[in-house]
S.K.: 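One structure is given below, represented as structure tokens, and several questions about it will come after.
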Amino acid sequence: MNKRVKSALVWAFVTVMLAIMYVPILILIIYSFTDAKALGVWNGFSFELYANLFTDAEIMGALGNSLILAAVSAFLATVLGTAAAVGIYYMKAKRKAVAGFVANITMENAEIVTGVAFMMFFLAVNIGYGWGALIVAHTMITVPYVILSVTPKLSQLNPNLYEAGLDLGASPIGSMFRVVIPQLIPGMISGFIMAFTLSLDDFIVSKFINGGVETIPIYLYNALAKRGADPTLRALSSVLFIAVLTVLIALNIVSAKRRKAEVK
């Protein structure tokens, strides 16, 4: 098989996979601009679904809850995950392997098991379900992703950078915050966005411990169970997808510019 045929097959495979992933989303976005109740029926171009979306107090309340929960838990996960990544990086080889394995358990574990575990834990320690439980759980399940984002940046640093800061007169904490942490900001931003997105998307863990706090995934589940496929959900899904896509594109552009600046 020559290179041209092999390259064509590779591109065909990639194209088919991307089409399977994104064509349904594209169809959803297209039909969010018509007021037809059934997906696949076109009643003409209309912003009615978006008007209904932004005037629906229940949806806006759930969206607000999701954004607050995602922002708070992602911030905490970024702080804890960065500290954990730095600590793990400076451990000896055996301890580093053990700590890395433990840190990845919640990421590799079945989410249903994690949800039940959190439910039983908060019940055992007599902590009520609701905002507190959600913030703690979302922080813990997103910390490993922050560690995963920050660790490669640590690997790229000069291993003597921290000691150099100490030699120049900085305190251990000062050397960490003035010398090491600024170099990790791109990884921290990536980790924050990943944690934010995962928190915004989480349903299973939230369902067990929400205590009446309705987030967007829980609202969607309840709406589909009670009323079926409400056409307004097409507009909501489109807005969420475009928002996340915009943030990811912006992040990639900033990262690319930073890499070019470092090369120069």
Side-chain angles (χ1 to χ4, degrees), residues 4-54 56 59 62-63 66-67 69-71 74 107-108 110-112 138 141-142 144-146 148-149 152 186-187 189-207 215-225 227-259:
R4 288 186 177 181
V5 175
K6 187 181 294 186
S7 177
L9 289 175
V10 169
W11 277 105
F13 176 77
V14 172
T15 301
V16 170
M17 291 298 100
L18 291 176
I20 293 173
M21 291 171 60
Y22 292 108
V23 166
I25 298 176
L26 180 60
I27 293 173
L28 182 72
I29 293 173
I30 291 172
Y31 281 95
S32 70
F33 291 101
T34 185
D35 58 0
K37 291 185 178 180
L39 186 65
V41 178
W42 184 264
N43 283 351
F45 189 85
S46 171
F47 285 107
E48 183 178 342
L49 296 184
Y50 289 91
N52 294 339
L53 170 65
F54 291 109
D56 190 313
I59 295 179
L63 180 59
S66 287
L67 292 175
L69 176 60
M107 185 170 59
E108 298 171 352
E111 196 170 5
I112 186 70
H138 279 226
I141 63 176
T142 53
Y145 295 92
V146 177
L148 199 64
S149 298
I189 294 174
S190 299
F192 176 87
I193 292 175
M194 187 175 294
F196 185 91
T197 304
L198 289 168
S199 174
L200 198 66
D201 179 64
D202 180 78
F203 168 73
I204 296 177
V205 173
S206 299
K207 183 64 176 175
T215 60
I216 281 296
I218 294 174
Y219 169 82
L220 290 173
Y221 175 82
N222 292 335
L224 289 170
R227 302 189 297 271
D230 187 339
T232 307
L233 301 182
R234 302 202 296 263
L236 175 60
S237 301
S238 300
V239 168
L240 292 176
F241 175 76
I242 296 298
V244 171
L245 182 63
T246 301
V247 171
L248 292 177
I249 291 174
L251 178 63
N252 286 327
I253 292 173
V254 171
S255 299
K257 289 182 178 179
R258 184 183 292 272
R259 284 194 296 268

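Each residue takes its place number in the sequence, starting with 1.
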S.K.: Mind checking what makes side chain to side chain contact (heavy atoms under 4.5 Å, CB included) contact with Ala243, not counting sequence neighbours?
M.R.: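 With sequence neighbours excluded, Ala243 shows a side chain to side chain contact (heavy atoms under 4.5 Å, CB included) to no residue whatsoever.
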
S.K.: Taking side chain to side chain contact (heavy atoms under 4.5 Å, CB included) as the test, write out the residues that go with Ser237, two or more places apart.
M.R.: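 So Ser237 forms a side chain to side chain contact (heavy atoms under 4.5 Å, CB included) with Leu28.
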
S.K.: According to side chain to side chain contact (heavy atoms under 4.5 Å, CB included), who are the partners of Leu63, at least two apart in sequence or on a separate chain?
M.R.: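 For Leu63, the residues satisfying side chain to side chain contact (heavy atoms under 4.5 Å, CB included) (neighbours in sequence not counted) are Met60, Leu67, Ile216, Leu240.
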
S.K.: Go through the structure and list residues passing side chain to side chain donor-acceptor pair (under 3.5 Å) with Tyr31, not counting sequence neighbours.
M.R.: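 None.
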
S.K.: List the atom of Pro217, the atom of Ser66, and the distance in Å for their closest heavy-atom pair.
M.R.: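 The pair with the smallest heavy-atom distance is CD-OG, 4.1 Å.
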
S.K.: Evaluate the criterion side chain to side chain contact (heavy atoms under 4.5 Å, CB included) for residue pair Tyr219 and Leu233; output intermediate values, then yes/no.
M.R.: CA-CA 10 Å; Tyr219 169 82; Leu233 301 182; 3.9 Å; yes

S.K.: Quick one: CG on Leu236 to CG on Asn52, what's the gap to the nearest 0.5 Å?
M.R.: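 It is 12.5 Å, given to the nearest 0.5 Å.
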
S.K.: For residues 244-251, tabulate all N or O donor-acceptor pairs below 3.5 Å that involve a side-chain atom, not counting sequence neighbours.
M.R.:
unit_1: Thr246; atom_1: OG1; unit_2: Ile242; atom_2: O; d: 2.7

S.K.: Ser199: which residues meet the side chain to side chain donor-acceptor pair (under 3.5 Å) condition with it, sequence neighbours left out?
M.R.: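 So Ser199 forms a side chain to side chain donor-acceptor pair (under 3.5 Å) with Ser73, His138.
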
S.K.: With sequence neighbours excluded, what pairs up with Phe203 under the ring-ring contact (aromatic ring centres under 6.0 Å, His included) test?
M.R.: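 In terms of ring-ring contact (aromatic ring centres under 6.0 Å, His included), with neighbours along the sequence ignored, Phe203 is linked to Tyr221.
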
S.K.: Could you check whether any side-chain heavy atom of Thr34 comes within less than 4.5 Å of a side-chain heavy atom of Ser46, counting everything from C-beta outward?
M.R.: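 Of all side-chain heavy-atom pairs linking Ser46 with Thr34, none is under 4.5 Å.
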
S.K.: Side chain to side chain contact (heavy atoms under 4.5 Å, CB included) with Asp201: which residues, sequence neighbours excluded?
M.R.: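 Asp201 satisfies side chain to side chain contact (heavy atoms under 4.5 Å, CB included) with no residue once adjacent residues are dropped.
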
S.K.: Name every donor-acceptor pair, under 3.5 Å, that has one atom in a side chain of residues 7-27 and the other anywhere in the protein, sequence neighbours excluded.
M.R.:
unit_1: Thr15; atom_1: OG1; unit_2: Trp11; atom_2: O; d: 2.7

S.K.: Could you measure the distance from the CG atom of Asp202 to the CD1 atom of Ile141? Nearest 0.5 Å is fine.
M.R.: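 One gets 4.5 Å once the value is rounded to the nearest 0.5 Å.
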
S.K.: At their closest point, which heavy atom of Ser238 faces which heavy atom of Ile29, and how far apart are they?
M.R.: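 The answer is OG-CA, 3.4 Å.
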
S.K.: Among residues at least two apart in sequence or on other chains, which ones pass ring-ring contact (aromatic ring centres under 6.0 Å, His included) with Phe33?
M.R.: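 Partners of Phe33 under the ring-ring contact (aromatic ring centres under 6.0 Å, His included) test: Phe45, Phe47, Tyr50.
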
S.K.: What's the separation between atom CD1 in Ile112 and atom CD1 in Ile204, rounded to the nearest 0.5 Å?
M.R.: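 Rounded to the nearest 0.5 Å, the CD1-CD1 separation comes out at 5.5 Å.
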
S.K.: For residues 190-197, tabulate all N or O donor-acceptor pairs below 3.5 Å that involve a side-chain atom, not counting sequence neighbours.
M.R.:
unit_1: Ser190; atom_1: OG; unit_2: Pro186; atom_2: O; d: 3.1
unit_1: Thr197; atom_1: OG1; unit_2: Ile193; atom_2: O; d: 2.8

